[in-house]
Amino acid sequence: MKGLTFGLFLLIVAITLAVTYWAAKRTKTTAEFYAAGRSISGVQNGIAIAGDYLSAASFLGIAGLIALNGYDGFMYSVGWLVAYITVLLVVAEPLRNSGKYTMADVLAYRLNPKPVRTAAALSTIVISTFYLLAQLVGAGTLIKLLLGIPYEFSIVLIGIMIIFYVTFGGMLATTWVQIIKACLLMAGALILSVFVMAKFSFNPVAFFQAISDKLGQKFLEPGMLYKNPIELVSLGIALVLGTAGMPHILMRFYTVPTAKAARTSVIWAMILIGTFYILTTFLGFGAAYFVGKDAIKAMDKGGNMAAPLLAQYLGGGAGTIGGEVFLAFLSAVAFATILAVVAGLTLAASSAFAHDFYVNVIRGGQADEKSQMTVARRTTFVVGIIAIILGIMVKGQNVAHLVALAFAVASSANVPVIVFSVFWKKFNSTGAVAGILVGLVASIVLMFIGPSVMDAKTAIFPLKNPGIVSVPLGFLAAYLGTIFSSEKLAEEKFEELYVRANTGLGAEH
Amino acid sequence: MGVHVEMSSSSAQQAEQKITRTEWAKIAQSEDFKTLVSAKARFLIPAIIFSVIYYFSLPLSVGYLPGLMKTKIIGPINLAYLFALSQFFVAWFIAYLYARIAGNTFDPLAEKIKNSRGGN
């Protein structure tokens, strides 16, 4: 039955390559490469954001976390949706109104472009790399489990496909790969949930009662994964702020024609993402009930196979045609998920280097359209190759903390400076560089001296999630850097940015 | 595909230069703009404060009031799960309120400011 899984994987490859071919013919300028010519509608972008955001970590990871740890796993689901309130109320529209392709565009609007863009490009590349590695390792492991293809081979294969999508199809291909993936994922999650609930006559009380009877009421109660409330709060801070600083998500707001469309896209993303995360209740608890913790752990210690194994069970069990068809379908969904997210991250990392660092720092903004495109494409190619090499290098390492680290860096390094830049008149370049660097270094150092990386007993920093310390540090550094220096031009240009961010006057078309 | 896509970075700068710094400052000082900004603040500040409090009260109450959170409400379904679930609906509701007020109030004000500049 591996043949079927293999066939479905090939089908996804074929469809996405066809999309890339179609998109490549429509991707000639930098605005088309980085922002799909700002031609994506609000609804399409909302679906694409869901596709960009619902990573293998949230799809396979959350189902696994709930299946193994019960209620505490669901805490992640909540934070990952509530995060969009921050995106909607604080960043989406000002960003669309005042930037061009990247987060750094907004900062560079009134600050000294070279140091600020360099710092922002650095944090963008660090965040994208951490997140990308976590996705790639997950992908390699998943494909090995499902198809028996060696890890290294899958990484190379995925890397090459991503290079194809992004180098030739740019944002347009990336967007449609994400839209296709989001539809597949929502369909997969809905079908599995309906099958789970059908076993309980669609009565949630009966569903939870069965879990309570089989696994104990404790499984439905908090406290199995997190013993320390401060840890939960720290995780919450990174989750709800981090999304608003994730470069691959922020970049999506430039693909729509107006700030109003950016707003529509957040609303649609929230509907899809929220529905998905509510469904993780049925996927996670369902897997714990029907498949069992031991069987899930036997396949993968981290619980990542919970959802695929649940699919196999609901289809009729291992060895039955239905079971294998369901497993193959869900595996294909997971595969599409990884491709879509990795494509988004590759594009974000490439834009940070090509647009922010090369064109605007090294060339001082003096590069013609053609050379900008050449650089953009070459950078994507190089980013893809580096991702393949790093992906192979970290084989066998536990990379689960890299997702948490990416969110910690995004919330500590990027969010303070975005917020200050748009809302605080006195904010200046020194503050921006200080905020980004301190937020970046603090979250990485705290993660590496904490229990995620060090032994839990000897860890210097007590928390797995550094957000509760690193986010205030990022804000503090941005504040102190600002008040201990002055920059007349940045203050003078504030009104311009403020009017533009709030009204859309002069926004990029 | 858009027609404006061929805007290189230099021509984008030219487009921005059409609005001079004194003009930006004039708009920033105008009554219309002040009305827009204060209307936004009146909604956004309470909405953000409420969201922060509502969201963080979940990990805090789960962490510090586990006994209360374990209370069964509907059969085996406890307060902890219902509180977590409510977060989704509260987030959606805030998003709905924002979309409504932005469409009804903020957008027309922003349009008015843009148009009074002679269209851009």
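What you are looking at is a predicted structure, and each value in this text was computed from that prediction instead of being measured. Lettering follows sequence order; numbering is per chain, from 1.
A salt bridge links K114(B) to E111(B): at least one charged side-chain nitrogen sits closer than 4.0 Å to a carboxylate oxygen.
For Y55(B), the part lying under 4.5 angstrom from a heavy atom of chain A is the side chain only. Both the backbone and the side chain of F88(B) come within less than 4.5 Å of a heavy atom of chain A. Contact of T275(A) with chain B is made through backbone and side chain together, with heavy-atom distances under 4.5 Å. For F89(B), the part lying near chain A is the side chain, with the backbone staying farther off; criterion is any non-hydrogen pair under 4.5 Å. Using a 4.5 Å cut-off between heavy atoms, I237(A) touches chain B through backbone and side chain atoms alike. Contacts between Y277(A) and chain B at a heavy-atom distance below 4.5 Å involve backbone atoms as well as side-chain atoms. In this structure, no portion of E231(A) lies under 4.5 Å from any heavy atom of chain B. Only the side chain of Y71(A) comes within contact range of chain B, judged by heavy atoms closer than 4.5 Å. When heavy atoms are compared at a cutoff of 4.5 Å, L81(A) approaches chain B solely by way of its side chain, counted from C-beta outward. Interface remark: K112(B) contributes no atoms to any contact with chain A (heavy atom separation under 4.5 Å). Both the backbone and the side chain of L220(A) come within less than 4.5 Å of a heavy atom of chain B. Heavy-atom distances place the side chain of V37(B), and not its backbone, under 4.5 Å from chain A.
Ring to ring, F33(A) and Y101(A) are not that close: their centroids are 6.0 angstrom or more apart. Taking the six-membered ring where the residue is Trp, the centroids of F219(A) and F208(A) are separated by 6.0 Å or more.
Put simply, of W92(B), Y64(B), F43(B), the one with the most heavy-atom pairs under 4.5 Å next to chain A is W92(B). Chosen from T86(A), V266(A), L88(A), L232(A), the residue pairing most often with chain B at heavy-atom distances under 4.5 Å is L88(A). Of the listed residues (A25(B), S51(B), A80(B), A99(B)), the one with the most heavy-atom contacts under 4.5 Å to chain A is A80(B). Contact count versus chain A (heavy atoms, under 4.5 Å) is highest, among P66(B), G103(B), P76(B), for P76(B). Highest contact tally toward chain A, considering only D107(B), I94(B), I74(B), L60(B), is held by D107(B) [criterion: heavy-atom pairs under 4.5 Å]. Chain B forms the most heavy-atom pairs under 4.5 Å with one residue out of Q209(A), M270(A), R263(A), and that residue is R263(A).
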**Report entry** Working for salt bridge (charged side-chain N to carboxylate O under 4.0 Å, His left out), residues R500(A) and E496(A)
**Finding:** CA-CA 6 Å; R500(A) 185 164 162 167; E496(A) 178 176 336; 5.5 Å; no
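Between the side chains of T102(A) and Y34(A), no donor-acceptor pair of N or O atoms lies under 3.5 Å. For the residue pair S212(A)/Q217(A), the side-chain donor-acceptor check at 3.5 Å is satisfied. No hydrogens or angles considered: nothing links the side chains of Y254(A) and R38(A) as a donor-acceptor pair under 3.5 Å.
In this structure the side chain of Y98(B) reaches within 4.5 angstrom of the side chain of L44(B), judged on heavy atoms.
Remark: side-chain polar atoms of N203(A) are not paired, donor with acceptor, to backbone N or O of F200(A) under 3.5 angstrom.
Shortest non-hydrogen contact noted between A367(A) and S371(A) is CB-OG, 3.7 Å.
A cation-pi arrangement is present between K214(A) and Y289(A), with the terminal nitrogen or guanidinium carbon under 6.0 Å from the aromatic centre and inside a 45° cone about the axis.
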